[in-house]
Chemist: 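The structure follows.
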Amino acid sequence: FPEQTGVQVVTTEVPAVSTDRDHIRGSSTAQIFVIEYSDIDCPFCANFHTTLNRITTTYSADQVAWVYRDFPLDSLHPHARIKAESAECVADIAGEDTYWKYLDSLFTPDNEVVNI
């Protein structure tokens, strides 16, 4: 089909989900994994973050798991990398639950309060 329409298809191999490396909201044995590469300061990523929060609360942890991977776009969002690094520090110090609460707070509009 792509050859007929002149569309170029590019495939990329995504690294496998790893409980040692990745941040996973849901079960590591879930039926479906949504792997997100995200920039904390990206407004489109913030919208998608809200959508994935709805998905992971609608479906059980065994059905859908959300894998978050940092992908700061330095040229567009110069503070995103340091925010991603701070989230990694939170994970190292306080664990995955606190990491996800902190990440949620970074994607929350300034007028909302999230308890970490």
Side-chain angles (χ1 to χ4, degrees):
F1 176 74
E3 299 82 20
Q4 296 171 357
T5 61
V7 174
Q8 181 181 2
V9 176
V10 178
T11 59
T12 303
E13 198 167 311
V14 176
V17 175
S18 166
T19 55
D20 294 334
R21 181 187 69 238
D22 288 313
H23 299 287
I24 304 169
R25 182 176 266 174
S27 173
S28 61
T29 60
Q31 295 172 357
I32 297 171
F33 287 91
V34 177
I35 302 172
E36 175 189 17
Y37 287 82
S38 184
D39 178 317
I40 290 170
D41 282 344
C42 170
F44 302 103
C45 297
N47 286 337
F48 192 60
H49 191 87
T50 301
T51 300
L52 283 176
N53 266 320
R54 272 192 242 127
I55 289 170
T56 57
T57 56
T58 301
Y59 296 94
S60 75
D62 291 329
Q63 290 176 301
V64 178
W66 174 7
V67 179
Y68 185 89
R69 293 179 178 169
D70 292 303
F71 194 74
L73 301 171
D74 297 320
S75 62
L76 296 174
H77 306 117
H79 303 291
R81 183 169 302 276
I82 194 71
K83 291 178 183 179
E85 290 172 3
S86 70
E88 292 301 323
C89 290
V90 168
D92 288 345
I93 294 168
E96 283 296 299
D97 288 339
T98 305
Y99 167 84
W100 282 100
K101 288 178 184 177
Y102 182 68
L103 190 64
D104 289 342
S105 76
L106 292 175
F107 281 109
T108 301
D110 293 338
N111 60 350
E112 295 182 35
V113 176
V114 175
N115 293 323
I116 298 177

Chemist: Say you draw a straight line from CG of Asn47 to CG of Leu52; how long is it, rounded to the nearest 0.5 Å?
Modeler: 11.5 Å

Chemist: Just jot down the ring-ring contact (aromatic ring centres under 6.0 Å, His included) partners of Tyr68, sequence neighbours excluded, or say none.
Modeler: none

Chemist: Kindly write out the residues that satisfy side-chain hydrogen bond (donor to acceptor under 3.5 Å, both in side chains) with His79, not counting sequence neighbours, or none if the list is empty.
Modeler: none

Chemist: Among all residues two or more places apart in sequence or in another chain, which pass the salt bridge (charged side-chain N to carboxylate O under 4.0 Å, His left out) test with Asp74?
Modeler: Arg81

Chemist: Minimum heavy-atom separation for Ala30 and Ala61, please, with both atom names.
Modeler: CB-O, 3.5 Å

Chemist: Would you please name every residue forming a salt bridge (charged side-chain N to carboxylate O under 4.0 Å, His left out) with Asp22, sequence neighbours left out?
Modeler: Arg69

Chemist: My understanding is that only residues two or more places apart in sequence, or in another chain, count here; which of them pass salt bridge (charged side-chain N to carboxylate O under 4.0 Å, His left out) with Asp41?
Modeler: Lys83

Chemist: Let me see the working for His49 and Leu103 under side chain to side chain contact (heavy atoms under 4.5 Å, CB included), right down to the final yes or no.
Modeler: CA-CA 9 Å; His49 191 87; Leu103 190 64; 3.9 Å; yes

Chemist: Nearest 0.5 angstrom please: Lys101 NZ to Leu106 CG, how far?
Modeler: 14.5 Å

Chemist: Nearest heavy-atom pair of Arg21 and Ala16: which atoms, and what distance?
Modeler: NH2-O, 2.6 Å

Chemist: Suppose we screen for ring-ring contact (aromatic ring centres under 6.0 Å, His included). Which residues come up paired with His23, at least two apart in sequence or across chains?
Modeler: Tyr99

Chemist: Can you list everything that forms a side chain to side chain contact (heavy atoms under 4.5 Å, CB included) with Thr56? Sequence neighbours excluded, please.
Modeler: Arg25, Asn53, Trp66

Chemist: Apart from Ile35 itself, what residues make up its hydrophobic cluster when side-chain heavy atoms of I, L, V, M, F, W and Y under 4.5 Å apart count as a link, directly or indirectly?
Modeler: Val14, Val17, Ile24, Phe33, Tyr37, Val67, Phe71, Leu73, Leu76

Chemist: Residues two or more places apart in sequence or in another chain: which of them pass side-chain hydrogen bond (donor to acceptor under 3.5 Å, both in side chains) with Ser86?
Modeler: Tyr102

Chemist: According to side-chain hydrogen bond (donor to acceptor under 3.5 Å, both in side chains), who are the partners of Ser60, at least two apart in sequence or on a separate chain?
Modeler: Gln63

Chemist: Please name all residues satisfying side-chain hydrogen bond (donor to acceptor under 3.5 Å, both in side chains) with Thr19, sequence neighbours left out, ordered by chain then number.
Modeler: none

Chemist: Show me the pairs that pass salt bridge (charged side-chain N to carboxylate O under 4.0 Å, His left out) and involve residues 54-68, at least two apart or across chains.
Modeler: none

